[in-house]
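Residue numbers begin at 1 in each chain, while the letters A, B, ... track the order of the sequences.
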Amino acid sequence: MEKYDFHKIEEKWSEHWEKEHYGQAEDFSRKAKHYHLVEFPYPSGAGLHVGHCMGYGASDAYCRMKRMQGYNVMYPIGWDAFGLPTENYALRTGIHPTVATAQNIAIFKRQIKQLGYAFDWSREINTTDPDYYRWTQWIFLQFYKHSYKGDSPNSGTVPGSRSKERSPLIKVADDDATTPRLAYQKEMPINWCPACKIGLANEEVISGACERCGAQAEKRMQKQWLLRITAYADRLIRDLDTVDYLDKIKTQQINWIGRSEGARVHFMLKAEGRKLADELEVFTTRVDTLFGATFMVIAPEHPLIQNIRYQISNIKEVEGYIDRASRKSDLERTELAKEKTGIEILGIKAVNPINDAEIPVFIADYVLPNYGTGAVMAVPAHDERDWEFAQKYHLPIKTVVVPASRKQKNQNEELNQAYIDYGVLVNSGPFDSLTSGEAKKKIAERLKSIGAGDFAVNYKLRDWIFSRQHYWGEPIPIIHCKKCGIVPVPEDQLPLRLPDIEKYEPTETGKSPLAKVTDWVNTICPRCDGPAKRETDTMPNWAGSSWYYLRYCDPNFNPHPDPLPNREREPKGNIKDDLFETPSPLRGEGGGEGQVLASRDKLDYWLPVDIYDGGMEHTTLHLLYSRFWHKFLYDLDQVPTAEPYAKRIAHGIILGPDGQKMSKSRGNVINPDEMIKKFGADTLRAYIMFIGPYDQESAWSMAGIQGVFRFMNRVWHNSNKVTGGQSPKGDSPQVLVKLHQTIAGATDDLTNFRLNTVVSKLMEFNNLLEKQAAISAESFGLFLRLLFPIAPHLAAELWEQTQTQKDISAQPWPQVDQELLAEQKITIVIQVDGKYRDGIQTSPDISEEEMKQAALSSQKARVSLGTKRIRRIVVVPKKLINIVT
RNA sequence: GGGUCGGUGGCGGAACCGGUAUACGCGCAGCACUUAAAAUGCUGUACCGAAAGGUUUGUGGGUUCGAGUCCCACCCGACCUACCA
C-alpha cells in the first residue's frame with residue numbers, strides 16, 4: 001500500500017468540499033436547526049493562531065457530527081476587522097487599513113480552508129464593510145434616540161422585567177436636552193494611554209496599565225460618548241437564569257455587574273454654623289452603622305470642592321492634594337493602598353441626619369470617584385479602611401454594633417431570615433438592641449420619612465465609554481452644530497463612511513486623526529443647514545462584534561432595496577426628509593415591519609444561537625456587551641429573543657511547549673502552517689482535540705503531536721485489512737462490541753465537548769483493529785464515520801477507497817446496536833471487605849442468587865476469606881458482589 | 001481580601017450515578033527489521049517485593065459493605081477580581 005500522503009489527500013478533499021459548498025446552511029429548512037457560533041477572528045497579519053484552531057476545530061467537529069445526525073447546521077465565519085493593530089500597521093507602512101485587512105483575510109481564509117473547517121462562506125461578514133457598519137451606526141443612533149424608563153442607575157428603582165417581557169423604551173425628541181438618553185456625551189475623567197494616545201475603557205486598563213502596550217495609564221478629562229449599560233444591569237443578571245452558560249461565566253458576569261443593596265444617605269453641610277445649598281450624598285450597605293459615622297470622606301475628583309471652594313479655609317492645601325492625586329495612576333493609587341492619605345476640608349462640617357451630629361469632612365484618594373457617589377460616611381469601628389484612616393489621623397472610633405449572643409440570635413432568627421445579622425445595635429438611640437439586619441431596614445425607613453435618604457441599589461458596573469480617538473473604527477454618526485447642538489446623522493445617510501486619510505497619527509490634543517480631515521469634519525447641520533462639524537471619535541472594537549451573530553442570519557438584508565444617492569460626501573444641506581428615517585418599531589407600533597438588521601423570518605428561524613464558543617477572556621466584556629445590545633434590540637422589537645445565546649462554552653488556551661503563554665518575544669509560538677506542512681491538517685486538528693480537557697489550558701507538546709501523527713498512519717495502513725463486501729458477521733464479537741462501545745462513547749463525548757477522550761476512544765478501537773487480520777467494509781465504514789469530524793480528509797479518502805456508497809459527508813451518524821452490547825458477557829467484580837479479589841465473566845442475565853453462588857465459589861475469594869465469618873453479602877446487580885466479614 | 005477551578009505514575013491526562021484507580025498518548029527499557037540509523041512493529045512499564053502478597057489519587061479526619069469521586073478541617077497551585085463603601 002502507498003504511503004499516507006496527507007498533502008495530496010487534504011488538497012483533494014478541501015477542493016471537493018469547496019466545490020460542493022459543504023457547510024452551507026439552508027434558511028427555513030424543515031430539518032431541525034443548529035446555530036453554532038464561534039467568536040470571529042480579528043484578521044491580524046500573523047495569521048491563524050493555534051488557539052483559533054482549538055475553538056474552530058472543536059466546533060467544526062461538533063457541526064460535522066450534527067449534520068450527519070440530520071441537523072440543518074449554520075456554522076458561519078466573518079472578520080472583526082476594526083482595531084488598533086491594523087491602524088498601527090498603516091501608521092508604520094502607509095498601507096491603507098482596508099488593503100492590509102484584505103491581505104490578512106486572504107491569509108486566514110487560506111489557512112481555514114486548509115484545515116478543513118467547513119464554514120458557511122455564503123454568510124461571510126466583515127465589520128469594516130460599510131454595508132455592515134452602516135447598521136452598527138444605526139444601532140448607535142437608536143441608543144441615542146431612546147431613553148430607558150426609570151433608567152437612573154442609582155435611583156434604586158429597579159425596572160421590573162422578566163426574561164420574556166420587553167421593557168418600554170421612550171423615544172427622545174432630537175431637541176430634547178433633558179431626558180437621559182441611552183447614548184450620551186459626558187465630560188469625565190477617562191483612562192488615557194500616553195503611548196497609544198487613546199482613551200481606554202475601564203476594562204482595558206489592567207492593573208493600571210494599558211492592556212495593549214503596557215504603558216501606565218493616566219487620567220484626563222475629555223468629552224466622551226457613553227452607552228448606558230447600567231440601565232440594563234438588573235436584567236443582565238436576572239436573565240442569566242434563562243441561559244445555559246458555564247457556572248464560572250455566570251459568576252464572573254454577576255461579580256462584574258456587582259449589584260449591592262443598601263441605602264443612600266444625605267448629609268447636610270454647614271459652614272460657620274450656616275447650612276449650605278450643597279449636600280453630601282453617600283451610598284452604604286451598612287446603614288445600620290449610621291450612628292457610628294465619625295467623619296466623611298470624599299474622592300479627590302468629587303465635584304463638591306469646586307461648588308463650595310469659598311467656604312473652605314484651607315483650599316490651597318486641598319487643591320494641592322487633589323493635584324497630587326490626579327497625577328497618580330490607578331496602579332499607584334492602589335499599590336500605595338497600605339498607607340492611606342488624606343486631608344481635612346477645613347471650614348465645613350457634615351451633619352448626620354440621624355442624630356444631627358456634626359462631623360468633619362476629609363478628602364482622600366482611597367475613596368473611588370467611580371463607585372457609588374464618590375463619597376462615603378466613614379464608620380471606623382466597622383470598616384477596616386475607615387479604621388486605618390481614623391488611626392492615622394486620630395479620629396474618634398465609635399462602636400455601634402456588638403456581636404449578638406447566640407440566644408438573641410435565635411430569638412430573632414425568624415424575623416430576620418432575609419438579613420445577614422452582624423450583631424445588635426448599641427449607642428444608636430432608639431435603634432439600640434435591634435439586630436443589624438432589622439436596623440438596616442428601620443433606619444433606611446426613618447431616613448426616607450425625614451427626606452434624608454432611601455433604600456438604594458448600587459452597581460460596580462459603569463456605563464460603557466464608547467468613544468475612541470482613532471481612525472480605524474466606525475465613525476460615530478453625530479454632527480455638532482453651534483446652533484442646534486448635537487444632531488444625529490439622518491439614517492438615510494448611513495453608512496457614514498470613513499474618509500481616506502494620509503496620516504493615521506492621533507492628534508496631540510488627543511483627538512482622533514479624523515479631526516485633521518477638514519473636508520470631512522466640516523459639514524452642514526441637517527436641521528438648520530448652518531455650518532457644523534462631525535463627531536471625530538470612532539467606536540470601540542466591541543461595537544461591531546456586539547451584533548454580528550444577527551447579521552449571519554441574513555448577511556445581505558437591506559430594508560431599503562432602492563438605495564438613495566449617497567449624499568454624505570457632499571452634503572447639499574436641507575436634508576430633512578424623514579422618508580427613510582427608519583421607524584423605531586416600538587412594541588405595538590408595527591411588529592416586525594421595521595426590521596433593519598436582518599429579516600424577521602430568518603431571525604425567527606435561527607435565533608437563539610444554540611452554542612457559542614469562545615475564550616474565557618471575553619466573558620466580562622464582549623459577552624456582556626453583546627447581551628446588552630441584544631436586550632436593547634429586543635426592546636426595540638428588532639429581535640425575537642430576550643437572550644442571544646442559549647448556551648455558552650469556553651475553550652482553554654494553548655500554552656507554548658515551555659508551559660508559558662505563547663508570545664513572539666518568548667519565541668514559543670507554534671505556527672499552524674508549519675504543523676500542517678509537517679504532519680497535515682488532520683493530525684493538527686486531532687492533536688489539538690487530544691491535547692487536554694477542552695476548557696482547560698494545555699501546553700503544546702511536539703512529542704504529543706507526533707503520537708497523533710502515528711495514529712493517523714496506523715489508520716491509513718489498517719484500511720488494508722478491509723475485505724470487500726464482507727458483512728460484519730465475519731468480524732469477531734470482540735471487534736463488534738468494541739466498535740459499538742466506541743460509537744456510544746465517542747458520540748456522548750463529542751456531544752459534550754469531551755474531545756480528548758473522543759480521540760482516545762478512536763485510538764483504542766484502532767489499536768484493536770491493529771491486531772486483526774481483516775475487518776468488514778461495513779464495520780470499518782462505521783469507524784470512518786466516527787473519525788470524519790476529527791480527521792475529515794483522511795476519513796473521506798479512506799471511505800472512497802473502501803466503500804461503495806459515495807460521499808461520507810452524506811452518511812448518517814452511526815447508531816449503537818444496543819442488542820449487540822447487551823448480548824455481551826459482562827464482568828462481575830468480587831470483593832471481600834471492599835477489596836477487589838476476583839472478576840468473573842458471565843452472561844448479563846445472571847440473577848442475584850447466581851451471582852452470590854459464583855462469588856462464594858471463587859477460589860481467590862475463598863482464600864481471602866479464610867476462616868472469617870461472613871456477615872453480609874452486598875449485591876449490585878450485574879456489576880459487583882461484596883462479601884463482608 | 002473576594003470569587004472560580006484544580007492537586008491522580010517519570011510527563012500530558014482517563015475513570016460519566018460512589019463499585020477492578022492509572023484508559024489513551026508521550027517517555028523509558030528490551031526485542032525484531034536494518035551494514036547502521038531513522039521510521040515501523042512486538043513485549044514490558046504506578047510503587048514495594050524473587051514470589052505470595054501488600055501499598056497508592058496533596059494532608060488529617062468522617063460517612064459507607066465500598067471513597068479519586070460525598071462531608072468537615074487544613075496545605076499547595078492556577079486563573080479571574082480587587083481600597084466596590
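- Helical stems involving RNA chain B, defined as 3 or more consecutive Watson-Crick or G-U pairs under 3.5 Å, span B:1-7 with B:75-81, B:10-12 with B:24-26, B:27-32 with B:40-45, B:46-48 with B:53-55, B:58-62 with B:70-74.
- The side chain of A:W256 lies closest to B:rU81 when the candidates are B:rC84, B:rU81, B:rU4.
- Distances were taken from every side-chain heavy atom of A:K248 (C-beta onward) to each of B:rA85, B:rU4, B:rC83; the shortest belongs to B:rU4.
- Separation of the P atoms belonging to B:rU22 and B:rC16 is 13 Å when rounded to the nearest angstrom.
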Listing time: all N or O pairs from protein to nucleotides 26-33 of chain B that are below 3.5 Å?
| from | atom 1 | to | atom 2 | distance (Å) |
| --- | --- | --- | --- | --- |
| B:rC26 | OP1 | A:R710 | NH1 | 2.6 |

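- More than 12 heavy atoms of other residues, nucleotides or ligands sit less than 6.0 Å from atom NZ of A:K392.
- Of the listed nucleotides (B:rC42, B:rC65, B:rA85), B:rC42 has the atom at the smallest distance from the side chain of A:E770.
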Quick one: which protein N/O atoms are closer than 3.5 Å to N/O atoms of nucleotides 52-58 of chain B? Pair and distance per line, please.
| from | atom 1 | to | atom 2 | distance (Å) |
| --- | --- | --- | --- | --- |
| B:rG54 | OP2 | A:R837 | NH1 | 3.4 |

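- Here, B:rC71 and B:rC84 have their C1' atoms 34 Å apart, quoted to the whole Å.
- Side-chain contact check for A:T373 and A:E281: no donor-acceptor pair (N or O, by modelled atom type) lies under 3.5 Å.
- B:rG53 and B:rG61: their C1' atoms are spaced 29 Å apart (whole Å).
- Among residues two or more places apart in sequence or in another chain, the salt bridge (charged side-chain N to carboxylate O under 4.0 Å, His left out) test is passed with A:K647 by A:D244.
- Annotated as syn: B:rC17, whose glycosidic dihedral is within 90° of 0.
- More than 12 heavy-atom neighbours from other residues, nucleotides or ligands sit within 6.0 angstrom of CD on A:Q772.
- Defined by atom type and a distance below 3.5 Å, a donor-acceptor pair is present between the side-chain atoms of A:Y366 and A:D386.
- Ranking B:rC83, B:rG3, B:rA85 by closeness to the A:N255 side chain, first place goes to B:rG3.
- Across B:rC24 and B:rG18, the matching C1' atoms stand 24 Å from one another, rounded to whole Å.
- A syn base is found at B:rG9: its glycosidic angle is within 90° of 0.
- Spacing between B:rG27 and B:rC76 at atom P, rounded to whole Å, works out to 35 Å.
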Give me, pair by pair, the N or O atoms of the protein and of nucleotides 13-21 of chain B that are less than 3.5 Å apart, along with how far apart they are.
| from | atom 1 | to | atom 2 | distance (Å) |
| --- | --- | --- | --- | --- |
| B:rA14 | OP1 | A:N756 | ND2 | 3.1 |
| B:rG19 | N2 | A:Q831 | OE1 | 3.0 |

Please set out all donor-acceptor pairs under 3.5 angstrom arising from side-chain atoms of residues 648-659 of chain A, sequence neighbours excluded.
| from | atom 1 | to | atom 2 | distance (Å) |
| --- | --- | --- | --- | --- |
| A:R648 | NH1 | A:E39 | OE2 | 3.2 |
| A:R648 | NH2 | A:E39 | OE2 | 2.8 |
| A:R648 | NH2 | A:G615 | O | 3.1 |
| A:H651 | ND1 | A:D613 | OD2 | 2.7 |
| A:D658 | OD1 | A:Q660 | N | 3.1 |
| A:D658 | OD1 | A:N668 | ND2 | 2.9 |
| A:D658 | OD2 | A:N668 | ND2 | 3.3 |

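- Separation of the P atoms belonging to B:rU45 and B:rA52 is 13 Å when rounded to the nearest angstrom.
- Rounded to a whole angstrom, the distance from the C1' atom of B:rG58 to that of B:rG25 is 25 Å.
- Enclosure of atom CD in A:Q841 by more than 12 non-hydrogen atoms of other residues, nucleotides or ligands within 6.0 angstrom is indicated.
- The shortest distance between the side-chain N/O atoms of A:R462 and the OP1/OP2 oxygens of B:rC84 is not below 4.0 Å.
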